[in-house]
Every structure is written in C-alpha cells, then in structure tokens.
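These notes concern the structure reproduced below.
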Amino acid sequence: MQANEAIGAYTLLRIERGGLEPGSPGQFFMLEAPGRLLPRPMSLCLAPAGELAFLVDPIGPGTRALCALRSGDAIRVFGPLGNGFDLDVERPLLVAGGIGVAPMPYLAETLGRGSALLGFRSPRHAEAAVLLPGAEVVVEPRLVTELLPDDPGDVLACGPEPMLEAVRARAPHAQLAWEAPMACGYGACYGCVVEHEGRLQRLCVAGPVLRGGL
Amino acid sequence: MQANEAIGAYTLLRIERGGLEPGSPGQFFMLEAPGRLLPRPMSLCLAPAGELAFLVDPIGPGTRALCALRSGDAIRVFGPLGNGFDLDVERPLLVAGGIGVAPMPYLAETLGRGSALLGFRSPRHAEAAVLLPGAEVVVEPRLVTELLPDDPGDVLACGPEPMLEAVRARAPHAQLAWEAPMACGYGACYGCVVEHEGRLQRLCVAGPVLRGGL
Amino acid sequence: MTVPILNASGCLDALTAAEVAQTLDVFVTKTVTPLPREGNPPPRIAETELGMLNSIGLQNPGIEAFLDDTLPRLARLGVPLWVSVGGFSVQDYAQLCTLLSGREEVTTIELNLSCPNVDEAPETAAEIVAAAREATPKTLYAKLSPATWDIAETARAVADAGADGLSLVNTIRGLALAPTTLEPTLERGAGGYSGPALRPIALACVYACATAVDLPIVGMGGVSSGRHAVALVAAGASAVALGTVLFAEPFAARRVRVEMTEAAVALGYPSAAALRGKAHKSATFANLSAL
Amino acid sequence: MTVPILNASGCLDALTAAEVAQTLDVFVTKTVTPLPREGNPPPRIAETELGMLNSIGLQNPGIEAFLDDTLPRLARLGVPLWVSVGGFSVQDYAQLCTLLSGREEVTTIELNLSCPNVDEAPETAAEIVAAAREATPKTLYAKLSPATWDIAETARAVADAGADGLSLVNTIRGLALAPTTLEPTLERGAGGYSGPALRPIALACVYACATAVDLPIVGMGGVSSGRHAVALVAAGASAVALGTVLFAEPFAARRVRVEMTEAAVALGYPSAAALRGKAHKSATFANLSAL
Ligand SMILES: Cc1cc2nc3c(=O)[nH]c(=O)nc-3n(C[C@H](O)[C@H](O)[C@H](O)COP(=O)(O)OP(=O)(O)OC[C@H]3O[C@@H](n4cnc5c(N)ncnc54)[C@H](O)[C@@H]3O)c2cc1C
Ligand SMILES: Cc1cc2nc3c(=O)[nH]c(=O)nc-3n(C[C@H](O)[C@H](O)[C@H](O)COP(=O)(O)OP(=O)(O)OC[C@H]3O[C@@H](n4cnc5c(N)ncnc54)[C@H](O)[C@@H]3O)c2cc1C
Ligand SMILES: Cc1cc2nc3c(=O)[nH]c(=O)nc-3n(C[C@H](O)[C@H](O)[C@H](O)COP(=O)(O)O)c2cc1C
Ligand SMILES: Cc1cc2nc3c(=O)[nH]c(=O)nc-3n(C[C@H](O)[C@H](O)[C@H](O)COP(=O)(O)O)c2cc1C
Ligand code: FES
Ligand code: FES
C-alpha cells in the first residue's frame, strides 16, 4: 500500500505495482479485503509508474476495509483478470455511472482520445470526475443516458445494471462492463455467472466487458 | 483498563473497579480476552482503592491478549466467583508456585499476618515476589515444598497440580486453590469438573479452593 | 407480541445463577436422564478459533433427585420452566415424560434427540416423540441435530408423531487438536461444536423446518446479538435461545432483547415478532404458530 | 513420502488457471454429471462472517463434452487427474464410471455423494459405490457429507462396498440473510457452507473415519495453512485438499506445502507424512494406507 486518498465519496487506493502488469483497460484485479475471507474485484483505475490505482466505493464490509487501509499495510493482489475493452474502435465514447467511472481514467489514457459522459448520484460522488478531465457530468435526478447523442459512435460503458441496459437500448453494439458477485475472479468457483448469449457464463472469464450484454 | 505493568515474566493488569466487589481472597473473576470467544478465569491479586488488579502469565492466546491490553481499552469482567480461602486460621502459611502467586498479595493483605513461601521456575518469574514483601523465595531446581517446615501450620496454597499434590502430602488439611479449564466460571457449563470427594464436581462452584484436594 | 428469549439447555444452571435465569422468559434445564450421570472425563470443554467444543456428556442428578430436589428449587425462581430430557431408548423418554406429567411446575418438556456426546437411542426421533406423546399431555418440543442430510424430513416426522414445537439446533460434532501435542483437546476426542461458526447452519435448519412444518420453533446456534436473533426469527423461529454467549456474558439476554427490537424497528417493523418468516418469499408463510 | 496436496472439487478450473493447477500434486475436476447442467440461478455465492456459502448446483458440460473436449485438454497439463462424478441415481454413477474406465488420462474417480445443492440419489452411498465398483476397475474415492449423525458408519458401508479411499468432507448446508432485506443472500436460499468454520467439523469426520476404516483419506474443509493440514494428517488423512482458500490465494498450495513440512519439523517429525494418525491414542493406528 502506498496511499489512500479520498476523492469525494470514493477512495483512491494506490498500491505498489511489484511484479504485476497493469493489463488492459476494463480488466480487473482481486484485492484482499483485510479481515474478510474472500477478495474483492476492482477495475484498474490508473496505472502511474510503479503503481496500480483503484477507485473504491465503500458500500459494504469488504470495500470499507479496503478504504481503511493505511500507507505501509500489505494486501494480496491478483491480476490482471478477465477481458477488458476492445480498443480497436473508431469513435470512442466513454459512458459511466457512479463507481462505473473507475475503469475510465485508464481507458481514456490508453485510447488517447474520445469524449466521456459521467453520471453521479450526488455532487459529492461527482467529485470523482476530476479523474477524467473534460468529461461532461450530470448529477441525479438527471441521468447520464440523457446525454447520449443520437449517433453515439463506439460506446464503452460501465455502471449499474439499469444504466447499462439503458445504454444498450440506445447503442446495441456498445461494449458494456458488467458486475457480479465474485469469489475468485479467475474461473475457479463458478459463482459469478450471468446469462449471456442464452446461457449462464462466468463473467470473470467471459467478461467483465461484453458486447451486446447479458 | 487502567494500566498494564510488566512484573518479571508476568503482567499486572489494573482495571477500574466500577460496580464490582473485590470479594474474598482466592475468589476469581472471568475476564474477557479480546478476540476470543470465551473469558478467562483470573484470581484477584490486589484490590487497591477503586481498582481490581490481576497478575497474568501469558501462556496462550487468551492470556497473551489480556497482557496486550492498553490503558483505555474496555473489557468485560464478571465476578467475584467461587469460594476463596477460609480466613479463620490460626497460623497461616502462604505457599505458591509460579503464577500461583497471583492470589497471595490480596490474601496476605486481608489476613494481615502469616509468612509466605514462593517457588518460581526462573529468576525472571521470581521478580513477582516483589508483590509479597518478606516472602521466602526459591528458584528451580529448588522446589518450594523443600521450604515447608515440619509443622507447617495452616497452609493456604496455590500453584500447579504437582505442587499442590506435594503440599497436600506434607499438610493434609491444607487449603488448596486448584485450576481447571473454565468456560463460564459460574456453574453454567459443567466444563470445569474435577474429581473431589469421589465425584465429578464443578470447580468453579465447589472451589477453586478445596480442603483436602482432588 | 414479543420474541421470548430462552437459555439453550446445558448452558445455564439456574440454581447457581438465579439472577441470570431471571433475565430469561423461559428457563430450560440441562438435560435430565433416568439415572444420575457423571458425564465424560475432563477436559471436556475447549475453545476453537471460531467456536467451542464440549463433551460434557449429560452430567445430571437423574430424574429422581431432579424431581425431589432440583425442581422445587427451580420453581421458586418465578420463571416458566422447560425440562429437557434425554435417554437411551424409547422407554427412557416415555418414563421421563410420565414422571414429569404430574408436575405443574413444568410447562414444557424438551426432548433432547440430538446430544452428540452420548450414545444414541436406537429408535428414530419420530418413534421417541410418539412414545412421549402417549406418556404426557404436556407441551412437547423436539430438539434436533443439524447433523442430518434433510432436517425438514425429520421435522415432518416428529410433527406427525405429535411434537408441539421444535428446538433447533443442537451442537454438531467437531474436533480440535492441541497445537504442540497434536492430541485432541477434549479427553473424549470429538465434542459438540457450538458458537458463532454454527450460525449459518442453524439458520438453514430453521429456514428449512419452517417451510416443512407448521410448528413453533426455538432457534439457537451462535446467537450473540439482536441481529442474529432477528435473522432466526425472519427464517421462521418464534423464540430464540442463548447458549455459548452466556458463558462470556451471563446477562446477554437483556442486551439481545433490546437489540432485537432496535434491529426490527430499524428494518421498519414494529417489533421483532412482526418480522417472523420474512426471509421466506412464499406468501403462504403468513399463519405462523406462536410459542 | 510426502502428503499430496489436491484442490477440492469445484474450487479450481484447470483450464482457466493452468499454472495454479500445476502447483498441485493432483488436479480434481468439478463434478461431472451425465447431462450438461447450467447450475442454479445467481447469486450463488456469498460470504458469511466465518465462511462462505455456494449454491452452484454442479454446473458442468456433461460427460460427453467432458470426455471429448475437456479431458484431452486437462491431460496436457501434466498433472495427475481425478474426475469427480455426480448423478441422481445408481445408474447415473455406473454409467459415468463405465465411460471413464477406458480413459487412461484419469487415475481416480471421486464419487460425489454429498452435494448439498442438488437433489440426492434415492439410493444409499453404499449402493452407489457398489454399482460404481462393478462398472470400473479404476481407483474409487467416496466423497462424504459431514451432515450425518455417524459418518463412521457410512465410511464402513462404502468401504465394504468397494471404495478405495474417502474424500472428507463436502460442504454442509448453511444460510445467510442480507442485513437490510432479510432475504437469503443466495437466490436458492440455503447453500453449501465452506471455509474456516468447517475446520473442526472436517477434523472430527476424518478422525472418526480413520478409526473406522483402513482406507486412505483426503482431508479437506477450511484448510488455509500448514498447521491446518498437519492437523488433518494427524487425525488420519494421507492427503489434503484446498478449497475456499484458493479463491483468495490461487497459489496457496505452494505455501501450505512448505508450512506443512515446517510445522512437522517443529513438532519433531521428519515430514508431515510421518505424523499421520498421531492424534489417535490407539497403537493399532500404525498401519495406515497411503494415497
Ligand atoms: C469486474 C468488477 C469490477 C469492479 N470494480 C470496482 C471498482 O473499481 N470499484 C468499486 O468500488 N467496486 C468495483 N466493483 C464492485 C465491488 O467489487 C463490490 O462493490 C464489492 O465486492 C462489494 O464488497 P463489500 O464487502 O464492500 O460489500 P457486499 O457485502 O459484498 O455488498 C454490500 C451490499 O451492496 C450490494 N452490492 C454489492 N455490489 C454492489 C454494487 N456494485 N453496487 C451497489 N450495491 C452492491 C450487496 O448486494 C450488498 O447488499 C467491481 C465488481 C466487479 C465484478
Ligand atoms: C480459578 C482460576 C484462577 C486462575 N487465576 C489465574 C491468575 O490469576 N493468573 C493467571 O495467569 N492465570 C490464572 N489462571 C489460569 C488461566 O485462567 C489460564 O492460564 C488461561 O485460561 C489460559 O488461557 P490461554 O488462552 O492463554 O491459554 P490456553 O490456550 O487455554 O492454554 C494454552 C496451553 O497451556 C495449557 N494450560 C492451560 N492452563 C494452564 C496453566 N494454568 N498452566 C500451564 N499450562 C496451562 C493448555 O493446556 C494449553 O496447552 C486461573 C485459572 C483458574 C481456573
Ligand atoms: C457446554 C454445553 C452443554 C450443553 N448441554 C446440552 C444439554 O444438556 N442438552 C441439550 O439439549 N443441549 C445441550 N447443549 C447444546 C445447546 O443447548 C445448544 O443447542 C448449542 O450449544 C447451540 O447454541 P449456541 O451456539 O448458542 O451455544 C450444550 C451446549 C454446550 C455448549
Ligand atoms: C464454490 C464451490 C463449489 C464446489 N463444488 C463442488 C463440486 O462440484 N463437487 C464436490 O464434490 N464438491 C464441491 N465443493 C465442495 C469442496 O470440494 C469442498 O469439499 C468444501 O468446499 C470444503 O473445503 P473448503 O472449506 O476448503 O472449501 C464446492 C465448494 C465450493 C466452495
Ligand atoms: S468469480 Fe469465480 S468463477 Fe468467476
Ligand atoms: S466453568 Fe462453567 S461450570 Fe465451571
């Protein structure tokens, strides 16, 4: 652990990279949550030299334990895992809701272009927009999908399920990063299944980024 | 918790008395051992005004957790429990081995007279003798029972089982404070039984001080 | 309507702790057998990382001394009394129930069909309940073990045999070894595992039995807070019993009672009793029997 | 002589984690059934305070796809392969064993007689083992549930029916409720409880079966350190399997292997294998079968 830094309602967790590769945007890591039996999946948010940074929303015991880490604490980190975004796109448009903003900074940096739309549930949550300079930001009751242009181009999105469904309705070929409870993150437990292409598939192996969606 | 103070190999745990009575010498309290499911029995060692003090030998997880307490920490304490020493004696002689010294300071203070013999397994353990000024002290390989006079008077003893057996061989009417693993300390679990007067009895209810012994 | 709090059988002796017993809505005795029993040799309790083990082995004075000496003294406490009984054959249980029938101090008989520390009666739980039912008009609770493939099946069988309620669950067999000697920490080897680790197991048993039968259930297993108690009630229990927690905190019932109401109110219910069965999706779960 | 480390069935997919599988002495497949299975609806994993619950429900491609596609790919890993099989009747198990008999990639068949998340075959464990024994000359391990009153009795029955070894234990049924909704955290309600809380239960089962039968035992249940593994070996296991710990620490086998030897040496034994059975007082415990 290098440092924990509050960014509005979220916490940016910066970890020494050690021997780990950052992987590609949309991939995730399993982070040991101190005091809990199972690790927690976290998308890579930023990859500064020698570091991996994660943006964490403290919604339960595991994420709260991660946000309570202090500089010098050691945790086990495993990854990168899963399939990230396909970067071979013409007109990328990044769309994120809430903590779905987490993978966007690394994605924007890697793509080197494209605009971004972000939606948050409160101004305090919206402070995380500093991680994505130039993004257009809305706060509830306005929804991020209201900002989608008629021809949205190549949408790369992450956020809560209802948001992803709404994005897909508008952009059927969007790349969507989904969530599911995960015990292992590497295909071992069969816990993270989602219905995709008509059958139950492990999201950690088949996703988390899927085209067309669940 | 008021303070924790090292006394040789042992730790003196000083706790605010709150509403608790100190009870009589040889009685014990159940002390919450932080992080453990079950409390641990501890003899009252000293009863300074407004405090209860216990002498703890860190031999396992529970006693180590007690010794690691810091000033300001709160633990649950229940007692006084069990039957202490009968103080109606003519020529009291206090005999203790190792952590068996724990109840002796409070006993000596309450009796206001009598001499004491203490045995320890190392000079570091023997530092606990400061709690009982004027006591005669031996360190292994010498044994405390070697110090017993031919006519020992009214022996009140506490220590490991082999020591108590040896004391009883020399002083059949001695009052002996025994030990057994205890889950509750107040007769609820039937876990602490010892064979006494030909049947299995709960040491926490029938003892811990028994005449004649197990 | 409230959710009564009992002690778990074998986890409190009201004669050495009257004040503790008086914090309870019901006092349940340690299991009584026809003849006096010394129990198993010590050590017979040991802590594990996440629970405790015991191999007490039903130490008790036997039914005769219990009726003559213990029961009159218990009756003076002013707390409703349940008597837990155990035996090694159908006849044992029937005899115990017959002897207790005449005693008005006793409101309910709990049939301990599940002690992991003694030999079991050769008959099935249902056969024992049927014999007990013949022997007494008193309210009969059947205490079941979680160490069974399908506890709902046993619940249905004892309900059909005439049980008036279920006590769920007893301990499950566990073992620990001393780290330095590798010998079992209990003289007898294995013992009954109780405490926090048992909680999800107990909850699953209550949930399954509440679906299977329409009997009141006393839920127990690792309860140490109002939230734990509320979960058992939501799973279908109408009362909860405290066991291992009483060793660390004799007056836990007072705290749990307050916390239970607080937890219920925080969840939007007027009382803990009001959320009974709410863990079940089925709407048929409305008509639940009270204790 | 060493103590082999396996994965627990269902806790590792060697095809998505070849390097992890290669840290093991044996790779055990997730349970394969005659027909493909999608498993239970999600959510089907949940953490509890002291363990985890799963209700996967044996998701697998079915024996045909397994033999055609999965098995050849597993064989390329260079790790000895055990195949876990499960079914809903004696015929299912017999058929699976027959089909696997011709496949030299498979060293051992583990009969999963104990999945808490699917309906059980109506026949007894011994009947299934007997049918499997008829169907195959391969080494047969019977995987038993801790949810039984007397596991030693089942162990004797499956030994008599021809089992070559025991895998102990599977998960036990457990339930947790979401704190705010009071709904079960798993869609299916109850699930299999695994992890640290299971350790004393698993240890008691291994200890009891090691006394009852002279078969090698793979011990599992909450193992996450060398000391846990050594305890199972002292109780009578000749091998240990890692389950839940692999989710948090995929390469745990390497650490546990080193710690196991360190723990044995610290206790004065030349190796972990040398302390097998040492928790038992009986001297008749000298002739133990190896895996
Ligand atoms: C591939 C992947 C990448 C992820 N990346 C990130 C990330 O970068 N940053 C981040 O903060 N989180 C991320 N998550 C979500 C994160 O893993 C979960 O929030 C975390 O595991 C919850 O653990 P907990 O112990 O704090 O709460 P739990 O006890 O597991 O959950 C607490 C409560 O919140 C509910 N819940 C669970 N997950 C969510 C959710 N995502 N939103 C709202 N409610 C939820 C649960 O049902 C429960 O009621 C990711 C998830 C996946 C699958
Ligand atoms: C009535 C009574 C009064 C007591 N008063 C005191 C006191 O004033 N001060 C004090 O330090 N202790 C006292 N003890 C002993 C103390 O309660 C135990 O040492 C303690 O419970 C051990 O807990 P643990 O978790 O540290 O070790 P455990 O894990 O319980 O034990 C660690 C190891 O030590 C062994 N062991 C247990 N007890 C002892 C012992 N007494 N001596 C040597 N080995 C042991 C165990 O078998 C085990 O192998 C008293 C005990 C009783 C019954
Ligand atoms: C020390 C001890 C003794 C017990 N004795 C009995 C008993 O005599 N009869 C009985 O039915 N259950 C007995 N039990 C089981 C408890 O009543 C209860 O079912 C079990 O401990 C689970 O609850 P808990 O986790 O809250 O302790 C005993 C449990 C313990 C720990
Ligand atoms: C997610 C999950 C899936 C499992 N699937 C199977 C299975 O398919 N077949 C089987 O025999 N056991 C299965 N098990 C049980 C394990 O093999 C093992 O017996 C149990 O988890 C106890 O070990 P542990 O506490 O180390 O996890 C599964 C366990 C888990 C946690
Ligand atoms: S999280 Fe375990 S298989 Fe996906
Ligand atoms: S310690 Fe529980 S009865 Fe004595």
Side-chain angles (χ1 to χ4, degrees), chain C residues 46 48-53 114 116 120 145-151 172-185 189-193 195-208 211 222 227 230-235 263 266-269 275 277-281, chain D residues 46 48-53 114 116 120 145-151 172-185 189-193 195-208 211 222 227 230-235 263 266-269 275 277-281:
Chain C
T48 68
E49 261 169 273
L50 311 169
M52 73 171 277
L53 299 172
S114 45
E120 197 199 5
S145 166
T148 173
W149 183 258
D150 184 0
I151 196 166
I172 186 164
R173 224 167 266 134
L175 178 79
L177 304 180
T180 50
T181 62
L182 296 180
E183 278 173 16
T185 52
Y193 187 37
L198 203 59
R199 216 178 290 141
I201 299 174
L203 207 53
C205 289
V206 169
Y207 187 81
T211 318
R227 288 198 304 111
V230 154
L232 282 169
V233 174
L267 290 165
Y269 295 90
L275 52 72
K278 294 296 178 191
H280 296 262
K281 286 173 193 163
Chain D
T48 68
E49 261 170 274
L50 311 169
M52 72 172 277
L53 298 171
S114 45
E120 198 198 5
S145 166
T148 173
W149 182 259
D150 183 1
I151 197 167
I172 187 162
R173 223 167 266 134
L175 177 79
L177 303 181
T180 49
T181 62
L182 295 180
E183 279 174 15
T185 52
Y193 186 37
L198 203 57
R199 216 177 290 142
I201 299 175
L203 207 54
C205 289
V206 169
Y207 187 81
T211 318
R227 288 197 304 110
V230 154
L232 282 170
V233 174
L267 290 165
Y269 295 89
L275 51 72
K278 295 296 178 192
H280 295 263
K281 285 175 193 162

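Atoms considered below: every heavy atom in the structure, side chains included; atoms not considered: hydrogens, waters and symmetry mates. Residue numbering restarts at 1 for every chain, and letters A, B, ... go by the order of the sequence lines.
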Backbone N or O of D:Ala235 within a donor-acceptor pair of the D:His280 side chain at under 3.5 Å? yes
Let me know if C:Ala279 has heavy atoms under 4.5 Å from chain D in its side chain, its backbone, both or neither. both
Chain C contact via D:Ile172 - which portion, at a heavy-atom distance below 4.5 Å: side chain
If I measure from the heavy atoms of chain C, does D:Leu267 come under 4.5 Å with its side chain, its backbone, both, or neither? side chain
Can you list the steps and then say if D:Trp149 with C:Thr148 is a side chain to side chain contact (heavy atoms under 4.5 Å, CB included)? CA-CA 6 Å; D:Trp149 182 259; C:Thr148 173; over 6 Å; no
Contacts satisfying salt bridge (charged side-chain N to carboxylate O under 4.0 Å, His left out) that involve residues 172-184 of chain D (not counting sequence neighbours) are none
Taking every heavy-atom pair that is under 4.5 Å apart, which of D:Ser114, D:Ala190, D:Gly189 has the most such pairs with chain C? D:Ser114
Do you know the tightest heavy-atom contact between D:Leu203 and C:Leu175? CD2-O, 3.4 Å
Criterion side chain to side chain contact (heavy atoms under 4.5 Å, CB included) on D:Thr185 and D:Leu177, from CA distance to verdict: CA-CA 5 Å; D:Thr185 52; D:Leu177 303 181; 5.8 Å; no
Between D:Gly174, D:Pro200, D:Pro184, who has the most heavy-atom pairs with chain C when the cutoff is under 4.5 Å? D:Pro200
Engaged part of D:Ile151 at the chain C interface, taking heavy atoms whose separation is under 4.5 Å: neither
